[in-house]
Protein chains: 2
Amino acid sequence: MARGEGITIRDVARRAGVSVTAVSHSLNGKGTISEATRARVKAAADELGYQADAFARGMRQGSIGAIGLVLRSLDALGDYTPAGVDLFERFAGIVAARALSKGLSITLVPDLLRRPVPPLAFSMDGYIIMSPHEDDPVAALLEIRNIPYVCYGRILARPEFTHWASEDDPLAARQLLAHFEAAGAREVVLVPGTDRNSWNHDFVQEYLSWCGRHEVAPRIYEQPEQSGVDGGRQAGTRILADGLPDAVLCLTGRHAAGVQQEFLAAGVNIPGQSMIAAASDSEHTRSSRPAITAFELNPAGCADALLEMLQKLLETGSASGPSLARAKLRPRGSTRRE
Amino acid sequence: MARGEGITIRDVARRAGVSVTAVSHSLNGKGTISEATRARVKAAADELGYQADAFARGMRQGSIGAIGLVLRSLDALGDYTPAGVDLFERFAGIVAARALSKGLSITLVPDLLRRPVPPLAFSMDGYIIMSPHEDDPVAALLEIRNIPYVCYGRILARPEFTHWASEDDPLAARQLLAHFEAAGAREVVLVPGTDRNSWNHDFVQEYLSWCGRHEVAPRIYEQPEQSGVDGGRQAGTRILADGLPDAVLCLTGRHAAGVQQEFLAAGVNIPGQSMIAAASDSEHTRSSRPAITAFELNPAGCADALLEMLQKLLETGSASGPSLARAKLRPRGSTRRE
DNA sequence: GTAGGGAAGTAAAACGTTTTATGCAATCAT
DNA sequence: ATGATTGCATAAAACGTTTTACTTCCCTAC
């Protein structure tokens, strides 16, 4: 707000005929002020449309009611225009809406490491990091600055850090593989992303362990998250060249759509000759033909859990974690054999 | 940052052996300080990892290098989970990335009218309102508080307000209708959204005028933006009940996908018997079968224009507008007759 | 030899709030 | 009657910057 014209606490004090202390105490429910005076002050504040200046307040109390959001994997995308995992694109909006109902604002901070650092960055009450990297430097930086943070997804290199929430990825992986198995699949191929985050890591681990149990040679085709549908098609080509598997499990919906397009173009019948599924639901999985079986993640549930965790962390200095959210398998045409 | 442990300007001053004024002047390139001293101060600041406290600075200078973003139409959606127009979901990310490169942060402020107002809301340097309503109360509120703002889309009820950017919607409407016409369409149906913004308004106006020029009775089937693909299917049902037109023009990609699904389900050949196009490109238009002709909007271009406009507004108090961005028609299978 | 002026630097005020430390009655316990 | 407590309210300090006004020193011009 343009300075010099704002209504300050002094104006309210004058109007109510009391001291600034009385105004502050009245409005914040502190100190010992009679009910009558409190009411008078509140009336005066309302009439003037008074709102305490956030900077002045923040300066005094050290917190400001705003939390920063770092969308870790999107940082790599530069201008955010190429589409990554759908989940990322929607998470900011979900978090913002949830935060508002708790009286918090959300500030998007694309990358704390790149200079210049946005002025407000180090003045946030706390942070949410989405999909932290293996040993995330952003987390390390926050640690140094003593700023509390929580993560959507584990920090791989730091198992002792428990302030995170996520869907139960290992469980999801097992469920998807079991789903394939029940439909008769024996050889399954995995198409993970290249980001070093817990999501990719956990799926790869579960997949390897599944292959071990079933004595099947693992086949993994990494593909960068942001390569999208085209990347999926490329993976599809490579998979076909190496031999058609019974099923393909892709981590992102876009990759799954790409693989399917490539398979279909090569004349492969889906789900007849090969099945496809994705570990995260998206527009692509829903609108492909046939529609692709996928796990519907729960960003809203995780956002709630994370905000609650962060709030507790801010208030009491500690919080319990991690928190695992329920995700749901959505079986669709790409795996339905009849 | 937890107070009490931060490094203040005083620490730097002590370390460099100068006054706090000297530090402030050195780091901000003001005052008259010798090069030698400036260098010494900078070195001290770097060694200590000093970062000026954003609140204290903001308090003094009145601005803080952060701008608020209000996604107007998403406000109605409540928890942001149901999918609206794709454009909205990506705009926040694009703006944030663009803003960062200019050293600004972006704060998401879902609705300034709902209480409690997030503390920082009225301390933003300026605002970007995406898709302002007909006579937007948020704009009015900012006006009262004397906070500069720019809009993605016109404020319908205030033609004198020029600080906005957008694609050239009337032009796009004419191009799409001409495209239909060239492919042989005579009767065209319009499926706009229900939000009272300039996007919907301009398309309806151009459509009506086109109908007038061609002596065709207008057929309009409004559908709420957030109703998505399902809403599109409902519109499709109603359109079919009233008689199959030569072409359907939907404002959102989701609606177009829904209409197409419904038409296909009813055995209508697309584009043979009826054509479909959307005024905004999205995953749905691209991945439908047949792919749906659509206008590829230019949120990145608009974001740049808006940020530049806002910056000029903040620095000089005035800016020139509006700014019209180029959008591109993507003809696809849904209108390609051969 | 002194007035004038720039260069380099500093002390102190100011921003708007919250918090701490007091003050002053009036009431209560002894 | 005196000291202690309570209820209500306030003055002043503090938060960390930036900015204003001032000092000091040195140089140049008359």
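Please read these numbers as outputs of a predicted model, since none were measured by experiment. Chain letters run A, B, ... following the sequence lines, proteins first, then strands; residues in each count from 1.
With sequence neighbours left out, A:Arg57 forms a side-chain contact (heavy atoms from CB on, under 4.5 Å) with A:Asn28, A:Ala52, A:Gln61. Contacts of B:Thr21 classified as side chain to side chain donor-acceptor pair (under 3.5 Å), with partners at least two apart in sequence or in another chain: none. Evaluation of the side-chain contact (heavy atoms from CB on, under 4.5 Å) rule for A:Thr107 yields A:Val109, A:Met124, B:Ser105, B:Thr107 as partners, not counting sequence neighbours. By the side-chain contact (heavy atoms from CB on, under 4.5 Å) test, A:Leu48 is found to be paired with A:Ile7, A:Asp11, A:Val12, A:Arg15, residues two or more places apart in sequence or in another chain being considered. Applying the salt bridge (charged side-chain N to carboxylate O under 4.0 Å, His left out) rule to B:Arg196 yields the partners B:Glu222; only residues at least two apart in sequence or on another chain are considered.
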Sequence neighbours left out, cut at 3.5 Å: what donor-acceptor pairs do the side chains of residues 318-325 of chain A make with other protein atoms?
none

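Residue pairs that meet the salt bridge (charged side-chain N to carboxylate O under 4.0 Å, His left out) test with at least one member in residues 128-137 of chain B, sequence neighbours left out, are B:Arg72-B:Asp136. Here salt bridge (charged side-chain N to carboxylate O under 4.0 Å, His left out) pairs that include residues 156-165 of chain B, with residues two or more places apart or in two chains, are B:Glu143-B:Arg158, B:Arg158-B:Glu160. A salt bridge (charged side-chain N to carboxylate O under 4.0 Å, His left out) check over residues 25-41 of chain A, counting only residues at least two apart or in different chains, returns nothing.
Computed from coordinates, the A:Asn28 CG to C:dT19 C1' distance equals 11 Å when rounded to whole Å. Here the C1' atom of nucleotide C:dT18 and the CE atom of A:Met59 are 11 Å apart, to the nearest Å. Straight-line distance from the CZ atom of A:Arg10 to the P atom of C:dT17: 8 Å, rounded to whole Å. When the P atom of C:dT18 is taken as reference, atom CG of A:Leu27 falls 8 Å away, rounded to whole Å. At whole-Å resolution of the value, CD1 in B:Ile9 and C1' in C:dT10 are 13 Å apart. Going from atom CZ of A:Arg57 over to atom C1' of D:dA14 covers 17 Å, rounded to whole Å. Separating the CG atom of A:Asp53 from the P atom of C:dA14 is a distance of 18 Å, rounded to the nearest angstrom.
Candidate nucleotides C:dT10, D:dC15, D:dA9 were compared by shortest atom distance to the side chain of A:Ile33, and D:dA9 ranks first. Minimum atom distance to the side chain of A:Gln61 is reached by C:dT18, of the listed C:dT18, D:dT18, C:dT17.
Between the axis at the start and the axis at the end of the helix from C:dG1-D:dC30 to C:dT30-D:dA1 there is an angle of 60°, using five pairs per end and rounding to 10 degrees.
Residues B:Asn197 and B:His133 have side chains not in contact (no heavy-atom distance under 4.5 Å, counting atoms from C-beta outward).
One cannot find a donor-acceptor pair under 3.5 Å joining the base of D:dT17 and the side-chain atoms of B:Arg60. Residue B:Thr32 places no side-chain atom within donor-acceptor reach of the base of C:dA7, judged by atom type and a 3.5 Å distance cut-off alone.
Contacts between residues 11-25 of chain B and DNA chain D, defined by a heavy-atom separation under 4.0 Å, are made by B:Thr21, B:Ser24, B:His25. Scanning residues 34-48 of chain B for heavy-atom distances under 4.0 Å to DNA chain D yields an empty list.
B:Lys30 has a side-chain polar atom (N or O) that falls below the 4.0 Å cut-off from OP1 or OP2 of D:dT19.
Checked by atom type and distance alone, the side chain of A:Ser26 pairs as donor or acceptor with a backbone atom of A:Ala22 at under 3.5 Å. Remark: the backbone N or O of A:Gly153 is not paired with any side-chain donor or acceptor of A:Ser166 at under 3.5 angstrom.
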